[in-house]
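Everything numeric in this text was worked out from a predicted model, so none of it was measured.
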Amino acid sequence: MTTIRRAIEERVRGQVPALRHVAGAADLDAVKKGRAVAPSAHVFEVSRTAQPNSLLMAVHQETTDSYAVVVVVANHRDASGSDSSDACRLLRDQIATALIGWQANPESAALEYVGGHLVDFANQHLYWQEVYRTTGTLRSVA
């Protein structure tokens, strides 16, 4: 079974052709060390929370899983006068179009946008993190 993280990675890869590379968190380390393929996106899970159990003799908990998509673009001004923040915004909008409202698997709700922020400027690259979340349910019978 494909994980939600992997499904998000595949969806971004298929829906945002302007990205040269889409991968998980492991490849982000190479980018930060100057071996970047830009523009790129890196997908990884950042948190999981759960509501208290609602049953006495079994388990029924609503969960929220959050996933980051870190967008990496070259940090320089191009011939048209645009800079990395403009290029990053265009990619973020395309990623949002691909993910918002999309259901990664039948056991979880459609993805929602949580927010985003600038992570860093390093090695002539801009790093921006967007976060999306989905909800699901944990169940068990005692």
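- Cluster membership for Trp102 and Ile95, using ILVMFWY side-chain heavy atoms within less than 4.5 angstrom, is shared.
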- Task: Take Val72 and Val70, measure what side chain to side chain contact (heavy atoms under 4.5 Å, CB included) needs, and give me the verdict at the end.
- Result: CA-CA 6 Å; Val72 181; Val70 174; 4.2 Å; yes
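- Here the closest non-hydrogen pair linking Gly24 and Glu9 is N-OE1, 3.7 Å.
- Looking only at side-chain heavy atoms (C-beta outward), Thr2 and Asn105 stay at 4.5 Å or farther from each other.
- Under the 4.5 Å side-chain heavy-atom criterion for grouping Ile, Leu, Val, Met, Phe, Trp and Tyr, Tyr113 is not connected to Val46 through any hydrophobic cluster.
- Here the side chain of Asn53 pairs a donor or acceptor atom with the backbone of Leu55 at under 3.5 angstrom.
- Here the CG-CG distance, from Asp83 to Asn75, works out to 7.5 Å after rounding to the nearest 0.5 Å.
- The two residues Ala58 and Ser140 come nearest to each other via the heavy atoms CB-O, 2.8 Å.
- Here Cys88 contributes atom SG and His125 contributes atom NE2; the two are 12.0 Å apart, rounded to the nearest 0.5 Å.
- Under 3.5 Å, the side chains of Glu112 and Tyr132 contain no donor-acceptor pair of N or O atoms.
- Summarising the geometry of Ala74 relative to Ser84, their closest heavy-atom pair is O-CB, 3.2 Å, with the distance given to 0.1 Å.
- The shortest non-hydrogen separation linking Gln94 to Ala18 is OE1-CB, 4.1 Å.
- Using a 4.0 Å cut-off between charged nitrogen and carboxylate oxygen, Arg13 and Glu10 do not count as a salt-bridge pair.
- Judged purely by atom type and a 3.5 angstrom limit, Thr63 has no side-chain atom pairing as donor or acceptor with the backbone of Thr49.
- Under the 4.5 Å side-chain contact rule for hydrophobic residues, Ile4 and Ile100 share a cluster.
- Scanning all heavy atoms of the two residues, the minimum distance from Gly116 to Glu130 falls at CA-OE1, 3.2 Å.
- Val69 and Leu118 fall within a single hydrophobic cluster, where Ile, Leu, Val, Met, Phe, Trp and Tyr are joined by side-chain heavy atoms under 4.5 Å apart, directly or via other members.
- The main-chain N or O of Val43 is found under 3.5 Å from a side-chain atom of Arg5 such that the two form a donor-acceptor pair.
- Remark: side-chain polar atoms of Gln129 are not paired, donor with acceptor, to backbone N or O of Val119 under 3.5 angstrom.
- The hydrophobic clustering, which links ILVMFWY residues whose side-chain heavy atoms are closer than 4.5 Å, places Leu91 and Tyr127 apart.
- Note: Leu111 CG to Thr135 OG1 = 9.5 Å, rounded to the nearest 0.5 Å.
- A donor-acceptor pair under 3.5 Å links the side-chain atoms of Arg11 to the main chain of Ala98, judged by distance alone.
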- Message: Does His60 form a side chain to side chain contact (heavy atoms under 4.5 Å, CB included) with Thr137? I'd like the steps, not just the answer.
- Response: CA-CA 7 Å; His60 183 275; Thr137 305; 3.4 Å; yes
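- A 6.0 Å sphere centred on CD of Gln124 holds no more than 12 heavy atoms belonging to other residues, nucleotides or ligands.
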- side chain to side chain contact (heavy atoms under 4.5 Å, CB included) assessment of Trp128 paired with Arg92: CA-CA 9 Å; Trp128 182 278; Arg92 290 173 18 225; 3.1 Å; yes
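- In terms of heavy atoms, Arg133 sits closest to Ser66 at CB-OG, 3.8 Å.
- Exactly one of Val73, Leu126, Val71 qualifies for a side chain to side chain contact (heavy atoms under 4.5 Å, CB included) with Pro39. That residue is Val73.
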